[in-house]
Amino acid sequence: MNLYEYQGKELFARYGLPVLPGQVAATPDEARDVAARIGGTVVIKAQVHAGGRGKAGGVKLAHSPDEAYDKAKDILALTIKGLPVRRVLVAQAADIGRELYCAIVMDRQKKLPLVMISAEGGVDIEEVAKTAPDRIVKWHVPLDGLRPYQARALFQPLLPDGKLVSQAADILLKLWRVYWDADCSLAEINPLAVTPEGRVIALDAKVSLDDNAEFRHRDWDGWRDPDDETAGMRMAREMGLSYVKLEGDVGCIVNGAGLAMATMDLIKHYGGEPANFLDIGGSSNPEKVTTALKIITSDSRVRAILFNIFGGITRCDDVANGIVKSLKESPLDVPLVIRLTGTNEELARKILSDHGLSATTSMDEGVRAVIEKAQEVTA
Ligand code: GDP
Ligand code: MN
């Protein structure tokens, strides 16, 4: 899950990182109110899950509440990298002397967190990474964590005096705590600004949380943006199913990620287009089947559905019961093709035929049948 800047800054503030006061606003009127409360010059910033907002016109200064109203109105009308701006952050503006870059990211290859800092932060950091990668200092955090002397040593060459080095090092240490405690896969400050008076502050916050750790963070629920998730994605997450929506019209419900990939490949092979990747996993829970069908049918593009079950730990009879139960609760208005083989296959076949359903054992046959049905519906 990616956090919006305002959420990232809330998290930063909890850990004592220096951020300037601000509040999120959904309308120009709210933005004016927040600006009046903060007083002085404020910065209005688009809250979208995309970088490069500055360059896209999504970050603007306002010198009065009325100007904040106007700038917020402009920014709320923007679409940045395909994402409509639904909210803006209105924050006290900073005077910027220098812009540094400071981030901690998971280096999967080394299996260690990686600190990246640069004296050349700001909106052109991607360009720096491309043209002058040596200007970005990289350092792996050892398994026993980041020490104050290490943080200072990293910033020493980048900053001209000890006071600034201490502040920046303190920020990196706190960022490390955020990264570690909150199970981040990325915690980034860009720009890490140095003001003309010699204060170092986090002017931006980009935080990605590792969804695998969600079970131990109750507070994440409040951060999830309902607009970010379709009904299908929400149901899948709550039921613990892996679901990725795709552009095609053949819905597939499969047990196991490998089989799901193979199923998608075979659908493509026979000229069809999968509507999704959906792995109901290796457990025997009819409820998962019901949810899976609900997810697939919530996608209006789906013209036919294929169940492809290779029974191992997943028992075919459980899947069959799940199918029968769901169809009773809400009959399908698209054709259904069932392929199952493996554990309790005979029992499953009996359950299905008792309810007027049939199943094939051949994956090839199942895939060809479902594509044909999808095409019939389209024609
Ligand atoms: P991004 O482009 O999406 O990364 O958005 P940022 O929050 O990093 O803002 C982009 C740029 O806007 C920064 O690099 C700053 O130059 C500028 N900016 C952001 N906040 C302030 C502020 O409080 N005061 C001033 N003067 N500039 C700001
Ligand atoms: Mn930024």
Side-chain angles (χ1 to χ4, degrees), residues 2-13 17-25 31 34-65 67-68 71-72 74-105 116-130 135-136 158 167-168 171-172 175 178-179 184 186-208 225:
N2 296 321
L3 297 189
Y4 289 108
E5 176 191 2
Y6 77 92
Q7 297 168 326
K9 283 181 170 171
E10 268 172 42
L11 182 62
F12 283 3
L17 279 149
V19 292
L20 294 178
Q23 204 181 316
V24 74
V34 178
R37 218 174 306 138
I38 291 173
T41 304
V42 293
V43 60
I44 317 277
K45 309 179 77 178
Q47 298 300 287
V48 283
H49 292 309
R53 295 165 303 163
K55 287 187 173 170
V59 178
K60 297 223 159 82
L61 292 175
H63 304 281
S64 68
E67 199 184 349
K71 296 280 163 71
D74 293 345
I75 294 174
L76 285 165
L78 294 177
T79 298
I80 299 177
K81 297 187 180 161
L83 303 165
V85 179
R86 295 198 178 88
R87 273 158 304 196
V88 291
L89 171 65
V90 182
Q92 192 181 93
D95 277 337
I96 302 177
R98 293 180 60 180
E99 296 190 322
L100 310 182
Y101 177 88
C102 177
I104 306 173
V105 60
M116 294 196 281
I117 61 170
S118 175
E120 285 163 65
V123 295
D124 287 321
I125 191 70
E126 278 85 4
E127 207 44 41
V128 175
K130 255 186 249 152
R135 301 282 175 81
I136 300 176
L158 267 53
Q167 289 180 70
I171 286 171
L172 179 56
L175 191 67
V178 170
Y179 178 90
C184 299
L186 169 74
E188 181 192 82
I189 306 173
N190 184 37
L192 178 63
V194 182
T195 69
E197 307 82 58
R199 264 190 82 200
V200 185
I201 34 183
L203 275 200
D204 192 6
K206 190 169 173 194
V207 175
S208 303
D225 180 356

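Ligands are counted one by one from 1 in listed order, and the atoms in each one are counted from 1 as well. All of these numbers come straight from a predicted model, not from anything done at the bench.
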Can you report which non-hydrogen protein atom sits closest to atom 28 (C) of ligand 1, along with the distance?
Ile96 CD1, 3.6 Å
Please work out whether any backbone atom (N, CA, C, O) or any side-chain heavy atom from C-beta onward of Lys55 is under 4.0 Å from ligand 1, and answer side chain, backbone, both or neither.
neither
Sidechain-backbone polar pair: Gln47 side chain, Lys45 backbone, donor-acceptor under 3.5 Å
yes
Among all protein heavy atoms in this structure, tell me which lies nearest to atom 21 (C) of ligand 1, with the distance rounded to 0.1 Å.
Leu203 CD1, 3.8 Å
Going by the 4.0 angstrom heavy-atom rule, the piece of Leu20 near ligand 1 is neither
Test of understanding: given a 4.0 Å heavy-atom threshold, classify the contact between Lys45 and ligand 1 as side chain, backbone, both, or neither.
side chain
Given Lys55 and Asp124, is the salt bridge (Lys or Arg N to Asp or Glu O under 4.0 Å) satisfied, shown in steps?
CA-CA 9 Å; Lys55 287 187 173 170; Asp124 287 321; 2.7 Å; yes
among protein heavy atoms, the one nearest atom 5 (O) of ligand 1 is Arg53 NH2, 3.1 Å
Quick check against the 3.5 Å criterion: does Glu67 have a side-chain atom that pairs as donor or acceptor with the backbone of His63?
yes
min-distance N/O/S atom, Asp204 vs the Mn ion (ligand 2), resolves to OD2
Nearest protein heavy-atom contact for atom 9 (O) of ligand 1: which residue, which atom, what distance?
Val59 CG2, 3.8 Å
Let me know which of Ile201, Leu17, Val200, Leu175 forms a side-chain contact (heavy atoms from CB on, under 4.5 Å) with Leu192.
Val200
Atom 16 (O) of ligand 1 sits nearest the protein heavy atom Glu99 OE2, 2.7 Å
Atom 24 (N) of ligand 1: closest protein heavy atom, distance to 0.1 Å, is Ala94 O, 2.8 Å
